[in-house]
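This report refers to the structure that appears directly beneath it.
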Amino acid sequence: MNFSCSLWQDNSMSVKHFAFAKFSEVTEQCFLLFTLILLMFLASLVGNALIAIAIWTNPVLHTPMYFFLANLSLLEIGYTCSVIPKMLQSLVSEVRGISREGCATQMFFFTFFGISECCLLAAMAFDRYMAICSPLHYAIRMSRGVCVHLAMVSWGVGCMVGLGQTNYIFSLDFCGPCEIDHFFCDLPPILALACGDTSHNEVAVFVVAILCISSPFLLIIASYGRILAAVWIMPSPEGRQKALSTCSSHLLVVTLFYGSASVTYLRPKASHSPGIDKLLALFYTVVTSMLNPIIYSLRNKEVKAALRRTLDKKIVLTHR
């Protein structure tokens, strides 16, 4: 279907509707990609939902570490749901359009959940630092109230950044072309469609990326630097192994999330390639969200036990 920008504008000559670029001209390739993404999307939803339910329904997991993990699972659900359904529709339908308001809404929620996750991963690293480096004061310094406040700050920062960035970008005029060379309304491809000088907006996106991606990442690095120093001087090999095992899952998730986000948003504009950006987008919106529950459940005996209890309860209720 050929989308003409003249059909997507009103009298103000600013584009009011956009269209996502086609994944492929080959129908079989689109169907294969649709099937793979749908399976990963469902696995992500089910996995993250099960982890959140298992944590909330098992009192033994009502600790700061698992409180943050439950929040992470909820963020992952929102993160994928803000992008994947529209992506799936574009794969199998000729209706690939999205209104300006719909695009702004998608950008807000994607940014909101993504930035919140950046901040929450830093809070989780701080929790591990307090547990390993200050175990005697851990219960006081990481009380339920402190954990709730850290989670609220993470969600609040994500909301403010999402509102600010979305409002700043969609205050621009879009004169055409109207086709977004991407799978969803991400910041760089939308900026590429704006009229006139967008250098100030590009600087704003980069500054926010520095503050909201690099700053939490540096806090994570500092926390794990102190953790490694504390683990190094532990006299017991068993103690060292236990301390490192509690951090390994989080470190792996941080590497996957921050690695893809940094390559996407901290690269110079000149080095951006639509093909590479699309592959990275598929990775950090679909693959990482699917892998997170697998990483935490496979590497954590308490989560595995809680998941088994939750599933057993559901089976019993089903057979009644």
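We count residues from 1, following the sequence as given.
For the atom pair CG of L72 and OH of Y66, the computed distance is 13.5 Å after rounding to the nearest 0.5 Å. Remark: I227 CD1 to R128 CZ distance equals 7.5 Å, nearest 0.5 Å. Atom OG1 of T255 and atom CD1 of I295 lie 9.0 Å apart (nearest 0.5 Å). Distance CG/L228 to CD1/I132: 9.0 Å, rounded to 0.5 Å. From N71, atom CG reaches atom SG of C119 across 12.5 Å, with rounding to the nearest 0.5 Å. Separating the CE atom in M130 from the NE2 atom in H137 is a distance of 8.5 Å, to the nearest 0.5 Å.
Counting only heavy atoms from C-beta outward, the side chains of D181 and P189 never approach each other to under 4.5 Å. Side-chain contact between P64 and C147 is present, with heavy atoms from C-beta onward closer than 4.5 Å. Side-chain contact between T285 and T80: absent, with no pair of heavy atoms (C-beta onward) separated by less than 4.5 Å. Taking 4.5 Å as the limit, some side-chain heavy atom of F41 sits within range of a side-chain heavy atom of C81. Side-chain atoms of V205 and Q165, non-hydrogen and from C-beta on, do get closer than 4.5 Å to each other. Counting only heavy atoms from C-beta outward, the side chains of F68 and F126 never approach each other to under 4.5 Å. By the 4.5 Å heavy-atom criterion applied to side chains, E117 and N292 are counted as neighbours. E179 places none of its side-chain heavy atoms less than 4.5 Å from the side chain of L193.
When all heavy atoms are compared, the tightest approach of S116 to S154 is OG-O, 3.3 Å. In plain terms, the two heavy atoms of A52 and L74 that are nearest each other are CB-CD2, 4.3 Å. When all heavy atoms are compared, the tightest approach of P216 to C118 is CB-O, 3.6 Å. The nearest pair of heavy atoms linking L150 to A123 is CB-CB, 4.3 Å. Annotation for N58 and A54: closest pair ND2-O, 2.6 Å, computed over non-hydrogen atoms. In terms of heavy-atom proximity, R100 sits nearest to F18 at CA-CE1, 4.1 Å.
Between the side chain of T288 and the main chain of F257, no donor-acceptor pair closer than 3.5 Å is present. In this structure, S90 contributes its side chain and K86 its backbone to a donor-acceptor pair below 3.5 Å. Proximity of a side-chain donor or acceptor of N48 to a complementary backbone N or O of S289 within less than 3.5 Å is detected. Although no hydrogens or angles enter the test, the distance criterion places no donor-acceptor pair under 3.5 Å between the side chain of S143 and the main chain of A139. Judged by distance alone, the side chain of S44 and the main-chain N or O of M40 form no donor-acceptor pair under 3.5 Å. Listed for the D186 side chain is no donor-acceptor partner under 3.5 Å among the backbone atoms of H182. Distance alone, capped at 3.5 Å, places no donor-acceptor pair between the R144 side chain and the H62 backbone. Using a distance-only test at 3.5 Å, with no hydrogens or angles considered, a donor-acceptor pair links the side chain of Q106 to the main chain of S82.
In the displayed structure, F109 atom CZ is contacted under 6.0 Å by at most 12 heavy atoms of other residues, nucleotides or ligands. Counting non-hydrogen atoms of other residues, nucleotides and ligands closer than 6.0 Å to NE2 of H149 gives a total of 12 or fewer.
Both L88 and V46 belong to a common hydrophobic cluster when Ile, Leu, Val, Met, Phe, Trp and Tyr are linked at side-chain heavy-atom distances under 4.5 angstrom. Residues L211 and V208 are members of separate hydrophobic clusters, defined by side-chain heavy-atom contacts under 4.5 angstrom among Ile, Leu, Val, Met, Phe, Trp and Tyr. M160 and W155 fall into different hydrophobic clusters, where Ile, Leu, Val, Met, Phe, Trp and Tyr residues are linked whenever their side-chain heavy atoms come under 4.5 Å apart, directly or through other members. With hydrophobic clusters built from ILVMFWY side chains whose heavy atoms lie under 4.5 angstrom apart, V286 shares a cluster with V83. Taking hydrophobic clusters as Ile, Leu, Val, Met, Phe, Trp and Tyr residues chained together by side-chain heavy-atom distances below 4.5 Å, Y168 does not share a cluster with L191.
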Problem - N167 vs L163, side-chain contact (heavy atoms from CB on, under 4.5 Å): CA-CA, chis, key distance, verdict - result: CA-CA 6 Å; N167 182 66; L163 285 172; over 6 Å; no
Problem - Worked verdict on I190 versus F170 for side-chain contact (heavy atoms from CB on, under 4.5 Å) - result: CA-CA 9 Å; I190 295 297; F170 280 90; 4.2 Å; yes
Practice task
In sequence, state the C-alpha distance, the side-chain angles, and the governing distance for L218 and S215, and then conclude on side-chain contact (heavy atoms from CB on, under 4.5 Å).
Solution key: CA-CA 5 Å; L218 291 175; S215 297; 5.6 Å; no
Exercise for the section: Show your reasoning for whether side-chain contact (heavy atoms from CB on, under 4.5 Å) applies to L61 and L69. Expected result: CA-CA 10 Å; L61 298 183; L69 179 56; over 6 Å; no
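Relative orientation of the F31 and F34 rings is parallel, given thresholds of 30° and 60° on the angle between their planes.
There is a side-chain donor-acceptor pair under 3.5 Å between Y138 and D127.
Within the structure, ring-ring contact (aromatic ring centres under 6.0 Å, His included) contacts touching residues 215-234 (residues at least two apart or in different chains) are F217-Y258, Y224-H250.
For F20 and F184, the distance between ring centers is not under 6.0 angstrom.
Sulfur-to-sulfur, C103 and C185 sit under 2.5 Å apart at their SG atoms.
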